Amino acid sequence: MNAAQGLRQGLIEATRTLDETHGNPTRPELIYLPPSHARALDLEATLVEGIRGAGKSFWWRQLAQPTHQKFLQTHFRELRWPAGLKVSQGFGAGLAPDLWPDADTLARLAGQFAPRSIWRAVIGVHAGLGGDFAAQGRWLDRVAWIEAQPEAFARALDAADQALADGGQHLLVLFDALDRLADDWAQIHPLAKSLLQVALDMRSTRRIRCKVFARPDSLQEPRITSFPDFSKLLAGKASLEWRRADLYALLFQRLGNTADAGLTLQQWVADLQQQPVPTVAAQPWQVPGRLRTDEALQEQLFERLAGKAMGSSTKRGKPYSWLINHLVDGLGQVSPRSFLAALGAAAAEAEADAPLAIDYRGIQGGVQRASTIRASEIVEDYPWVRLVMAPLEGRLTVPCKASEIDSLWQADDTLGLLDSRLQREDVKLPPAHLDQGTKGVLIDLESLGMVKRIEDDRVQVPDAYRIAYGMGRRGGVTPLK
Amino acid sequence: MTPLHFSDALRLAARTASDANAAAVIAALTAPAGTAGAVVPEVRLIRDVHGRLRFAVDVEHKNYPAAHRAALEAGQAALGPWSGGATVLFRDQFSNPAAVFASPDWHATRVPQGYSADDEPQDVRTVLLLDRQITGQDWLRTPVAGGHGPAHRVVFFGLKGGVGRSTALAMAAWGLAHQGRKVLLVDFDLESPGLSSLVLPAERVPEFGLVDWLVEDAVGQGAALLPRMVANSPLSDGTTGTVRVATAMGRDERDYLPKLARAYADVPGPAGPKPLGARLRELLEQLEVQEKPDLVLIDSRAGLHDLAAVAITGLADSALLFATDSAQTWAGYRQLFAHWQRRPDVVSHVRERLQIVRALQPVKGRAESLKHFKQQAYQLFTGLYDTIPPGVAVAGAAMPYNPAETDEAAPHSPIQIGWSEQFQEFDPRLRPEDGGATPEEIEAVFGRLIKWVDDRRQGPTP
């Protein structure tokens, strides 16, 4: 295996997946914490928003593992966690009946009790409340006890808070996957809203804090956010945003810890920083501080993987910025998942004897692959998107007038079908502005980052989605045959 | 009957010619096998300096089918005042038919047929057109980019003056010299030469200017002038690079106007008359051989002028199009782009060397104004990009040229130059201690431009 092939294997390994199956956690050295995310992981950041793939579930999982916690604290000085931090999970994807009531149980409880009582019971369990509360063995009994004995609950919570303080400890309870609280939105809204309320309530304790990971669109939903003190939560909101430097630092962190490419990458990094070049790979290896934020240095390193230009000259751009420019959605965001997927595809497509690990053709192909992934993810989250995109697939050329989309939808009666489906069955996260017709649905697609409306009513579709839906792009030149 | 105007005439003639060509193809396909003379050469169009049109066919008169000729002559008559003659031009009508039919100025030209009475857009006819113009030919003359020495040529162009183009050029030269580059500045603005006063003290202006070379070269004395046409600019003092300047006008000039008046004339040469564009190209190549620069920065004449056409279309490896966000600017660029857009062969050569520059970027409301500028620029440049049809995407060399709106390397993605009071009426020759700009101040305003130009430079970093 020559150097380029080794790097290619390493890239494939490093970009394989950010998702993990149960019992198969990510190796800690493959974790990268962007400097701006440190605030999101802070004890005092109660509300954390991030788009799909930004790392909400990832951090929800990693923080709860003591080994990973320790690794993060050792290697990322931006994190300022207090000593004696206990982290536990209060809700998320999957089943953990000891930690939280599952969706069916939640549905049953919500039918009988105030939803806030449910979340108080969850906190009660994680805070280790004593007395009569501890004697209640089922979620149903715990919630019933809290509703019957509000004062006893308050005293027990205060005692637990005091015990944490006396023991020099802090408790952080993490909540994720709000869209899995129930099967339909009518039930999700009150549960999510009450969770945010309880999370805010806990900020008046000394040592108990909650952290709720949420998508931006749920934080724009009035049925979740319309309570008097929501503005307090919003004021302290932290975001999991991935800037360009963060994405490349993540790549280098992961690539530097792979078996096939680790040593080469570590040698390059040493060479670029004019330090002694290692002959044996460090394990675990940590991406150096300058390489986390210095884009010029990152670009030099990435050039060794991908070359200097997107073609025979830099007139068509440079791989470092081109890749990001073509993954960005209408909201200006790139998810680490699509970034890594594009690079993995570029490595997998390269010819075995090519001199570079990846080249511009591979990167172009990788962007196409990432677009496909992005489109299928959005449909998982918002099933109605499939219905409205189908009539546009392979037919639209953008940028276009809104009226062109309107006539394609008219021809298939798309919005009529969508409306009647919404009447018949409960569609998750339906478009909020469907009542305004085409214009309204375009507003909803824009808030998902799938389209961008430009002045004088034109609509642009970013490459992140355009490619997957086989849309053309307008130009003034029709090449001569 | 409504009168036929300039553009209508071309539409009508293009339709007649392309109909005739289509009929000839069908005739050839349906002719019985072995029939002689089934293949008929293509009907082309020649437009004279007044805009009058004439059909031309690269074949002897006697070998062209009479029926076809009659149809074209009827088409000729239909052009009314825009008809250049009653008959079709055949090979035998020209004294040197090869020079006409093999001219590099033939362009496959797309002629949209306009709109029907119901406002439905009509089809687009493509026809070979030879446009004989007194000026403006150079907008369509594209020698292969990079077909010269190793220096990268960057043309600085603006539709109108007063947008800080020359200041930007001077500061870019300083920035490049600061990186250790050898830079040659050439003032192509023959009709309002100004660059030299910005970058050279009066006593350092070279003995001869570009205009001198143009008149002396016409009588065979150009080469001897070259060493006396270039001077060192104090801009590179204190840097590790050099800035050398070739001015339009020489020192102590007293006969500029009579020289300028002769500069535009074609000069006879062994291969036929040499137009200004070809001569300026020769001059630049000779200067490059003498100076061996890493980069050549060319100050172009502003506006839709032939000197600008020579620079952008005929010389540039990269052409910076300075623009402010005004309707006048966009309308002017749209005209220029439409001229290219109709000739796909020209477009494919020119578009990738272009780069829009956001000049005098206001400080107030910067984000909002930049957003508007970017939208305008994107809309303008899509006119030069290939249409990507809906369907399956392709990668690699077969990918049509149509960069994404978000692509920072694309011609439509502006290089920003901020408005700064300091650089209005600015003397780049002043040292910081005498009121000049500090390297940090220059970097803050022109840093993006300097980096862009340096990135375009070919060859290894010294």
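A, B, ... follow the sequence lines: proteins, then strands. Residue 1 opens every chain. Keep in mind that this is a model prediction, so the values were computed, not measured.
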Side-chain donor-acceptor pairs of residues 387-399 of chain A under 3.5 Å, sequence neighbours excluded:
none

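A side-chain donor from one of Gln416(B) and Arg366(B) sits under 3.5 Å from a side-chain acceptor of the other.
Salt bridge absent: Asp454(B) and Lys451(B) never bring a charged side-chain N and a carboxylate O closer than 4.0 Å. Taking the charged nitrogens against the carboxylate oxygens, Arg125(B) and Asp19(B) do have a contact shorter than 4.0 Å, which makes a salt bridge.
With a 4.5 angstrom heavy-atom cutoff, Arg473(A) touches chain B via backbone and side-chain atoms both. Proximity to chain A is absent for every atom of Lys374(B), based on heavy atoms less than 4.5 angstrom apart. Tyr378(B) touches chain A through its side chain: at least one heavy atom from C-beta onward sits under 4.5 Å away, while N, CA, C and O do not.
Atom CD of Gln298(A) is separated from atom CZ of Arg244(A) by 9.0 Å, given to the nearest 0.5 angstrom. To the nearest 0.5 Å, the span separating CD on Gln333(A) from CZ on Arg243(A) amounts to 12.0 Å.
Applying the side chain to side chain contact (heavy atoms under 4.5 Å, CB included) test to Ala357(A) and every residue at least two apart in sequence or in another chain returns Leu7(A), Leu11(A), Leu305(A). Evaluation of the side-chain hydrogen bond (donor to acceptor under 3.5 Å, both in side chains) rule for His107(B) yields Asp345(B) as partners, not counting sequence neighbours.
Of residues 319-329 of chain A, those residues with a non-hydrogen atom less than 4.5 Å from any non-hydrogen atom of chain B are, in numerical order, Ser321(A), Trp322(A), Asn325(A), His326(A), Val328(A).
Of the listed residues Thr406(B), Val124(B), Val347(B), Asn402(B), the one with more heavy-atom pairs under 4.5 angstrom with chain A than any other is Asn402(B).
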